[in-house]
Amino acid sequence: MSATSSPAQGVAVTAPEAAFAPSAACIDASCRPVLLLFLSAAAWLVASSLLGLIASLKFHSPEILADCSWLTYGRVHPGAVNGFLYGFAMQAGLGVVLWLLCHQGRATLATPTLVIAGWLLWNTGVTAGIVGILYGDSTGQEWLEMPRYGSSPMFFGYLTIAFVGLLSFHHRAKRDLSISQWFLVAALFWFPWIYITARLLLVHWQVRGVMQAVIDWWYTGNLATIWLGFIGLGASFHLIPKLANRPLHSHYLGVFIFWMLAFFGSWGGVPVAAPVPAWMPAMSAFTSMLVVVPILAVLVNIYGTLGGKCSIVMGNPLLMFMGFGAGAWLVSAILGAIGSLAGVGEITNFTWFDPARAAIALYGFFAMTMFGAIYYILPQLVPAAPPCPRLLRAHLWLSMIGIVLYAAPLAVGGVLQGMAMNDASVPFLKVVSSSLLFLRASTTGELLMVLGNVLLLLNLAGILVRAARTCITAGLSANRATAEVAS
Amino acid sequence: MNSGPMVFLAAFLALAISWFGFVLAPQIQIGRQQQVELKDSGQLYPSRRPGQAAQGAAVYRANGCFYCHTEQVRPRGFGGDVARGWGGRPGKVQSVAQDYLWDQPVMLGSQRVGPDLANIGIRQTNAVWLLAHLYNPQLTSKGSSMPPYRYLFQRITLKPGQTPSDDALAVDSGSPDCEIVPTYDARALVAYLLSLRSDGTVFETPPPPAPPKSTNTPAATGTNAPASGAATNALAAPSATNSSARSAATNAPAPAPAK
């Protein structure tokens, strides 16, 4: 498999790789379809955060949009979650994977047309699925709400895009694998298995009784910790060294993180008092504590890569995106580990604490890391029109402040809500009204995040418009030049 | 580990272990549960939902009620579920896997913006109250954050001299010649809510150790069984109905068909 096995160029080990490898500009030119993924990911991000905003307005007054069945809380909320997960997170993740695999392996994107086909399938599926949820066709399984007519095209879209990614990976000129590639390739393999298992056993041939809940917890835990975690880490471990212009601190720490997460990251999610045999919540609690260790190691590795100088981060907005993401992941892992203790879980179970933790992981960690990666990749793909730095900085601060203002009140409110709920002398309506205050406070954070998301979309749209304009003017002047030569 | 196939194998191995542990093993342990015969009444538990209630479950699913309401009572000593009167059975009152046998899909829920509904059919047997609550929660629970589900109701203008229909809600419709009538969906949803009762006294939830002749309490406390010990775990053995749990205190009839 390695370069030494090619008999013709036996002189130097690295020379043949370099000779065959296409130039970075060449790779970027082949990777243009990734822009499509980024653009629609940003559009879904805005759409899903608007749906989320509608959902959270319901807590300000239950009368808001109450007469429209499509916009009732129980449909808008899953619509927002699915739009974020599949519309934005996975789509942006796939775009980043394609670009990273091509660059790390020094290979051009294998079949760009297939990426466009996959992009079409994926977005058709997500659109149909979310319209289905709003229409009332939800399957009733959390994170798998999309009806079949949405999930099937989406899944085939995934297979198409992942196939292109793996094909480009297979054709790589640089055979040695970096730790970042391990994460990305493992994630590409991971999703089809968990998705097929969950869809088949929960929707197509539904298993009996509470087994459905067990499989749903297994699926959500895998998607959040493994798929999103691996893609985020793959991006961080490649881009942070590039941005800081220093090598990755420790490859072997990366290997340790990989194995720890792969073995223990996929068991989480079963709540402490779930109506299942007790070994399942116990196993979940045990592994969610173990998972803190590799995530702590991620921060150690990043800190080491930066040479212990956090000033590098402060000076570079892209590093801030990614550094904030890694920090947020640790916070959410610690909150998850604490929440899985029976004594704490008794309070936080069924409260707003869990959504707060999930938001920190999904938005604080994954989305922020993807923002950093997208802003890094954009100017490589479209050198003519780099992202507007002012919009970028505004996006950075809006999302950082937004996620804190969103998650902190929810987490605190969740703990208070749980304590009140466990005290049977407090009337239930009192519990509801006291937690409303925190819910309403979190809307501020949500508004800031929506604004930040809009800025990302604006920035992307601006880049494409400027790039198109440069293309047209270049074309026109070329035409004029040929015309002059001809005359 | 410097090649693609090796990374694939590594991911495959890790995922296979998790799959065997959290998909296959639970399926072997609790995936093949059957109805059990209740000792006190001889009825099978849990019974299947009657037709209209089953259709109501679809309304419950489509409108995402389970994003704010759980259907799970937590054990005594874990939270205040029992003290709030959410439990449905005497003795150890938490929900057990057996309760969800026929739910398609199972909607445990993960949030309690509203109260738990696992036994709402026991707590609230008044269909009119439930309809009014769905139409406008403020009428029945002032200060609730639940949205009104007016779209599950029809507003019908009465012709002059026409008397209101029998099933019109006794709520203010805004005008004297209008009435509010629940749609089929609203009635199905209420039938589903009335059918929600997890009160069968099964092996995992023995009645309180009343008279001294009871001998089976230790077995049922063993919910902390290790992963391998499926044989002794209560949940694994639906056939093992409680032989000595014959307490007169059980007031647990099988779920009555909802009206």
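Lettering follows sequence order; numbering is per chain, from 1.
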Trainee: What part of B:Asp103 lies closer than 4.5 angstrom to a heavy atom of chain A: side chain, backbone, both or neither?
Mentor: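 Just its backbone gets close to chain A.
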Trainee: If you count heavy-atom pairs within less than 4.5 Å of chain A, which of B:Gln104, B:Met146, B:Met107 leads?
Mentor: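 Looking at each option in turn, the highest pair count goes to B:Gln104.
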Trainee: Keeping the roles fixed (side chain from B:Arg84, backbone from A:Met421), state whether a donor-acceptor pair exists under 3.5 Å.
Mentor: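 Yes, because the side chain of B:Arg84 sits within donor-acceptor range (under 3.5 Å) of the backbone of A:Met421.
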Trainee: What is the distance from atom CG of A:Asn349 to atom CD of B:Gln72, rounded to the nearest 0.5 Å?
Mentor: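 Reported to 0.5 Å precision, the distance equals 7.0 Å.
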Trainee: Taking C-beta and beyond as the side chain, do B:Ile17 and A:Trp267 meet within less than 4.5 Å on heavy atoms?
Mentor: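 B:Ile17 vs A:Trp267: side chains touch.
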Trainee: Using non-hydrogen atoms only, which part of A:Val431 is less than 4.5 Å away from chain B: side chain, backbone, both, or neither?
Mentor: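 It is the side chain, since no backbone atom gets that close.
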Trainee: Against chain A, label B:Ala57 side chain, backbone, both or neither, depending on which of its atoms sit under 4.5 Å from a heavy atom there.
Mentor: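 For B:Ala57, no heavy atom lies under 4.5 Å from chain A.
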Trainee: Let me know if A:Ala420 has heavy atoms under 4.5 Å from chain B in its side chain, its backbone, both or neither.
Mentor: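 For A:Ala420, the backbone is the part near chain B, not the side chain.
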Trainee: Report yes if the side chains of A:Arg208 and B:Tyr100 come closer than 4.5 Å at any heavy-atom pair, otherwise no.
Mentor: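 Result no, sub-4.5 Å side-chain heavy-atom pair not found.
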Trainee: Specify which of B:Val82, B:Thr70, B:Val59 makes the most heavy-atom pairs with chain A at under 4.5 Å.
Mentor: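 Of the candidates given, the most pairs with chain A belong to B:Thr70.
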Trainee: Find out whether B:Gln94 and A:Pro275 are in side-chain contact, i.e. whether some heavy atom of one side chain is under 4.5 Å from a heavy atom of the other.
Mentor: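 Sidechains of A:Pro275 and B:Gln94: no contact.
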Trainee: Looking at every non-hydrogen atom in both residues, tell me the closest pair between A:Val207 and B:Gln27 and how far apart they are.
Mentor: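 Here A:Val207 and B:Gln27 meet closest at CG1-OE1, 3.8 Å.
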Trainee: Among A:Val185, A:Val214, A:Thr351, which residue has the highest count of heavy-atom pairs closer than 4.5 Å to chain B?
Mentor: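 Option with the greatest count: A:Thr351.
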Trainee: Counting distance only, does the side-chain N/O of A:Gln212 pair as donor-acceptor with the main-chain N or O of B:Pro105 below 3.5 Å?
Mentor: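 No, because the side chain of A:Gln212 does not come within donor-acceptor range (under 3.5 Å) of the backbone of B:Pro105.
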Trainee: Enter the distance from B:Trp19:CH2 to A:Asn222:CG here, rounded to the nearest 0.5 Å.
Mentor: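 Here the rounded value is 13.0 Å.
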Trainee: For chain B, which candidate among A:Phe59, A:Tyr219, A:Phe230, A:Phe263 shows the most heavy-atom pairs at distances under 4.5 Å?
Mentor: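 Answer, by heavy-atom pair count under 4.5 Å with chain B: A:Phe263.
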Trainee: Which of parallel (below 30°), tilted (30 to 60°) and perpendicular (above 60°) describes B:Phe22 and A:Trp279?
Mentor: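 The arrangement is tilted - the two ring planes meet at 30° to 60°.
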Trainee: Measure A:Ala198 against the heavy atoms of chain B and call it side chain, backbone, both or neither at under 4.5 Å.
Mentor: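 Neither part.
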Trainee: Could you have a look at A:Ile194, A:Ile226, A:Thr139, A:Asp354 and say which one has the most heavy-atom pairs with chain B under 4.5 angstrom?
Mentor: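 The candidate making the most pairs under 4.5 Å is A:Thr139.
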Trainee: With rounding to the nearest 0.5 Å, note down the distance linking CZ in B:Arg112 to CZ in A:Phe428.
Mentor: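 The CZ atom of B:Arg112 sits 7.5 Å away from the CZ atom of A:Phe428.
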Trainee: For B:Phe12, is the CZ atom crowded, meaning more than 12 foreign heavy atoms sit under 6.0 Å from it?
Mentor: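 No, not enclosed.
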Trainee: To the nearest 0.5 angstrom, please state how far the CZ atom of A:Phe189 sits from the CG atom of B:Leu9.
Mentor: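 Between A:Phe189 CZ and B:Leu9 CG, I get 9.0 Å after rounding to 0.5 Å.
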Trainee: State, to 0.1 Å, how close B:Arg61 and A:Asp137 come at their nearest heavy-atom pair, and which atoms those are.
Mentor: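 Smallest interatomic distance, heavy atoms only, reads NH1-C, 4.0 Å.
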Trainee: Would you mind telling me which of B:Gly31, B:Pro115, B:Ser144 has the largest number of heavy-atom pairs within less than 4.5 Å of chain A?
Mentor: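 With the most close heavy-atom pairs to chain A, the winner is B:Pro115.
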Trainee: Considering all heavy atoms of both residues, which atom of A:Ala342 and which atom of B:Phe78 are nearest to each other, and what is their separation?
Mentor: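 Shortest heavy-atom contact: O-CE1, 3.6 Å.
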Trainee: Is B:Ser141 in contact with chain A via its backbone, its side chain, both, or neither, using a 4.5 Å heavy-atom distance?
Mentor: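 Answer is both: backbone and side chain atoms of B:Ser141 are under 4.5 Å from chain A.
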Trainee: Run B:Ser18 and A:Trp218 through side chain to side chain donor-acceptor pair (under 3.5 Å) and show every step you take.
Mentor: CA-CA 9 Å; B:Ser18 144; A:Trp218 176 78; 2.8 Å; yes
Trainee: With a 4.5 angstrom heavy-atom cut-off, is it the side chain or the backbone of B:Leu108 that approaches chain A, or both, or neither?
Mentor: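 For B:Leu108, side-chain heavy atoms alone lie under 4.5 Å from chain A.
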Trainee: Let me know if A:Leu201 has heavy atoms under 4.5 Å from chain B in its side chain, its backbone, both or neither.
Mentor: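 Just its side chain gets close to chain B.
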Trainee: Could you please spell out the steps behind the salt bridge (Lys or Arg N to Asp or Glu O under 4.0 Å) verdict for B:Arg150 and A:Glu63?
Mentor: CA-CA 10 Å; B:Arg150 282 186 294 261; A:Glu63 284 289 333; 2.7 Å; yes
Trainee: I'd like to know whether CZ of A:Phe286 has more than 12 heavy-atom contacts from other residues, nucleotides or ligands below 6.0 angstrom.
Mentor: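 Check fails, neighbour count at 12 or below.
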Trainee: Could you check whether any side-chain heavy atom of B:Asp116 comes within less than 4.5 Å of a side-chain heavy atom of A:Phe350, counting everything from C-beta outward?
Mentor: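 They are not in side-chain contact.
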Trainee: Find out whether A:Val432 and B:Ser145 are in side-chain contact, i.e. whether some heavy atom of one side chain is under 4.5 Å from a heavy atom of the other.
Mentor: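 A side-chain contact under 4.5 Å exists here.
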Trainee: I need the residue from A:Trp190, A:Phe264, A:Tyr135, A:Phe169 with the largest number of non-hydrogen atom pairs under 4.5 Å to chain B.
Mentor: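 Top count of heavy-atom pairs under 4.5 Å with chain B: A:Trp190.
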Trainee: First locate atom CE of B:Met6, then atom CH2 of A:Trp182, and finally report the distance between them rounded to the nearest 0.5 Å.
Mentor: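 If we round to the nearest 0.5 Å, B:Met6:CE and A:Trp182:CH2 are 8.0 Å apart.
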Trainee: What part of B:Tyr149 is in contact with chain A, defined as an atom under 4.5 angstrom from a non-hydrogen atom: side chain, backbone, both or neither?
Mentor: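 Side chain of B:Tyr149 only, per the 4.5 Å heavy-atom cut-off to chain A.
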Trainee: Give the minimum heavy-atom separation between A:Gly345 and B:Arg74, together with the two atoms involved.
Mentor: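 The pair with the smallest heavy-atom distance is O-NH1, 4.4 Å.
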Trainee: With a 4.5 Å heavy-atom cut-off, do A:Tyr73 and B:Asn63 have their side chains touching?
Mentor: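 With C-beta onward as the side chain, the pair stays apart.
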Trainee: Let's test your reading of the structure: which of A:Lys58, A:Gln181, A:Met283, A:Glu145 forms the most heavy-atom pairs below 4.5 Å with chain B?
Mentor: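 So the answer, after comparing A:Lys58, A:Gln181, A:Met283, A:Glu145, is A:Glu145.
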Trainee: With a 4.5 Å cut-off on side-chain heavy atoms, are B:Gln111 and A:Trp352 touching?
Mentor: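 In contact.
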Trainee: Where do A:Trp259 and B:Ala10 come nearest, in terms of heavy atoms and distance?
Mentor: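 Heavy atoms only, the tightest pair is CH2-CB, 3.3 Å.
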Trainee: Between A:Leu429 and B:Gly143, which heavy-atom pair has the shortest distance, and what is it?
Mentor: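 Nearest pair, atom of A:Leu429 first, then B:Gly143: CD2-C, 4.2 Å.
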Trainee: Examine whether an atom of A:Val426 lies under 4.5 Å from a heavy atom of chain B, and if so say whether it belongs to the side chain, the backbone or both; otherwise answer neither.
Mentor: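 Both parts, heavy atoms under 4.5 Å.
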Trainee: Any chance you could measure A:Thr197, atom OG1, to B:Leu24, atom CG, to the nearest 0.5 Å?
Mentor: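 A:Thr197 atom OG1 to B:Leu24 atom CG measures 10.5 Å (nearest 0.5 Å).
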Trainee: Relative to chain B, which segment of A:Pro281 carries a heavy atom at a distance below 4.5 Å: side chain, backbone, both, or neither?
Mentor: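 When you check distances to chain B, no heavy atom of A:Pro281 falls under 4.5 Å.
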Trainee: Which atoms of A:Val203 come close to chain B, meaning under 4.5 Å heavy atom to heavy atom: side chain ones, backbone ones, both, or neither?
Mentor: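 Neither part; nothing is under 4.5 Å.
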Trainee: Judged by atom type as modelled, is there a donor-acceptor pair below 3.5 Å linking the side chain of A:Arg75 to the main-chain atoms of B:Ala62?
Mentor: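 Between the backbone of B:Ala62 and the side chain of A:Arg75 there is a qualifying donor-acceptor contact (under 3.5 Å).
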